[in-house]
Amino acid sequence: MRFIDLHCHSTASDGSDDPAELVRKAVDTGIVALAVTDHDTIAGLDEAQRNTAGTKLELIRGCEISARGEGSGEMHILGLWIPRNHPNLKAFERVLRDLRDCRAARNQIMVERLRKLGCSLSYDEVLAEAGGESVGRPHIAGVLLRKGYAKSIREVFARYLGSKGSAYEPKKVLQPEEAVELLLSVGATAAIAHPRLIKASDAWLETTIIRLKACGLSALEAYHSEYSEVDVRFCMGLAVKQNLALCGGSDYHGRLKPDIALGTGRGGLRVPESLLEQLKQQRREQGLPV
Ligand code: AMP
Ligand code: FE
Ligand code: FE
Ligand code: ZN
């Protein structure tokens, strides 16, 4: 059997491997297809794609867009098959740029709160930690860790940056419908990322799926590093019930989540290639390129 990984992050957002390194690791791991899905940016895709030349790895161009969840919570929408050229691509990139600008404003608020709490750090240090264009809480966490304000990323999120942390500021995000429609506007496939990790009731998730299907939602992420067997079965059941395709991936971030490996997650993750074939079949039926 052959395996794939349709969810990972590069240095363009909060991963620690650059796109070339991601491709190298994917080839070493032996998976046959990789989707690079950075938060609110597609800046890493061309470099990843160039580096698959001469390998047997298929690169799926992707991204992961933050959207409103239940109440003040968040959900994430994965986009797969983001095109290189499309009449709406410029407008698509403008929306992503706005989202990154909102991230920047929010990050500065959190840095200011941390300074008031007695942590010595600057926004420039956060930008240097990030390197790429989509900056987020893991980069602030990296600076705090380096400076000894906590012993682990987990501790940084628990104390400062998690939704109950003392420096937390919510992120301005799209409505989920807007995220799905944005992806559809460039002919991408839209999927709900890690539905079992959304802090929301099952009833909310199901009504949201029904709403998003009406906007063109195609798939649910049924395999993920953080899932139990029960989670996988739950997602598969929901996908059958709502007539959605499945996708899956490790959500690899490199050293920011050191116990999660590309392709294999915490060790037991195996995303079968058949999921990719079904997603492609669905796209062909929708008249979209694969
Ligand atoms: P942001 O997009 O700036 O809100 O940051 C969210 C990112 O932070 C997620 O995509 C994860 O990569 C990371 N993250 C969230 N919670 C935690 C946590 N408890 N420990 C480590 N990383 C986390
Ligand atoms: Fe992340
Ligand atoms: Fe996510
Ligand atoms: Zn992710």
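In listed order, ligands and their atoms are each counted from 1.
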If you measure every N or O of [X] against every N or O of ligand 1, does any of those distances drop under 3.5 Å?
{"X": "H253", "answer": "yes"}
{"X": "D14", "answer": "yes"}
{"X": "R137", "answer": "yes"}
{"X": "R103", "answer": "yes"}

Approximate separation, where rounding is to 0.5 Å, of I42 CD1 and R61 CZ:
6.5 Å
How long is the span from the CG atom in L99 to the CG atom in D40, to the nearest 0.5 Å?
5.0 Å
If I compare all heavy atoms of T41 with all of C63, which pair ends up nearest, and what's the gap?
O-CB, 3.8 Å
Thinking salt bridges, do [X] and [Y] make one under a 4.0 Å N-O criterion?
{"X": "R84", "Y": "D46", "answer": "yes"}
{"X": "E74", "Y": "K199", "answer": "no"}
{"X": "R115", "Y": "E112", "answer": "yes"}
{"X": "K241", "Y": "E206", "answer": "yes"}
{"X": "K280", "Y": "E277", "answer": "no"}

Closest approach of any protein heavy atom to [atom], naming residue and atom:
{"atom": "atom 10 (O) of ligand 1", "value": "H39 NE2, 3.0 Å"}
{"atom": "atom 8 (O) of ligand 1", "value": "P138 CG, 3.3 Å"}
{"atom": "atom 15 (C) of ligand 1", "value": "F157 CE2, 3.5 Å"}
{"atom": "atom 21 (C) of ligand 1", "value": "I153 CG2, 3.2 Å"}

Any N/O/S of [X] under 2.8 Å from the Fe ion (ligand 3)?
{"X": "H194", "answer": "yes"}
{"X": "E64", "answer": "yes"}
{"X": "H7", "answer": "no"}

From E74, K171, R106, H9 - option closest to atom 2 (O) of ligand 1 by heavy atom:
K171
For G136, the ligand 1 atoms whose distance to one of its heavy atoms is below 4.0 Å
3 (O)
Should you measure from each heavy atom of K257, which atoms of ligand 1 turn up under 4.0 Å away?
11 (C), 12 (O), 22 (N)
Residue pair I260, H253: steps toward the side chain to side chain contact (heavy atoms under 4.5 Å, CB included) verdict:
CA-CA 8 Å; I260 291 169; H253 282 72; over 6 Å; no
If the Zn ion (ligand 4) is the vertex, what is the angle to OE1 of E64 and NE2 of H7, rounded to 10 degrees?
90°
Quick one: angle H9 NE2 - the Zn ion (ligand 4) - D251 OD1, to the nearest 10°?
90°
Can you establish whether the number of heavy atoms outside R146 located under 6.0 Å from its atom CZ is more than 12?
yes
Is it true that the side chains of Q281 and R284 contain a donor and an acceptor less than 3.5 Å apart?
yes
With the Fe ion (ligand 3) as the point of reference, which N/O/S atom of H76 is the closest?
ND1
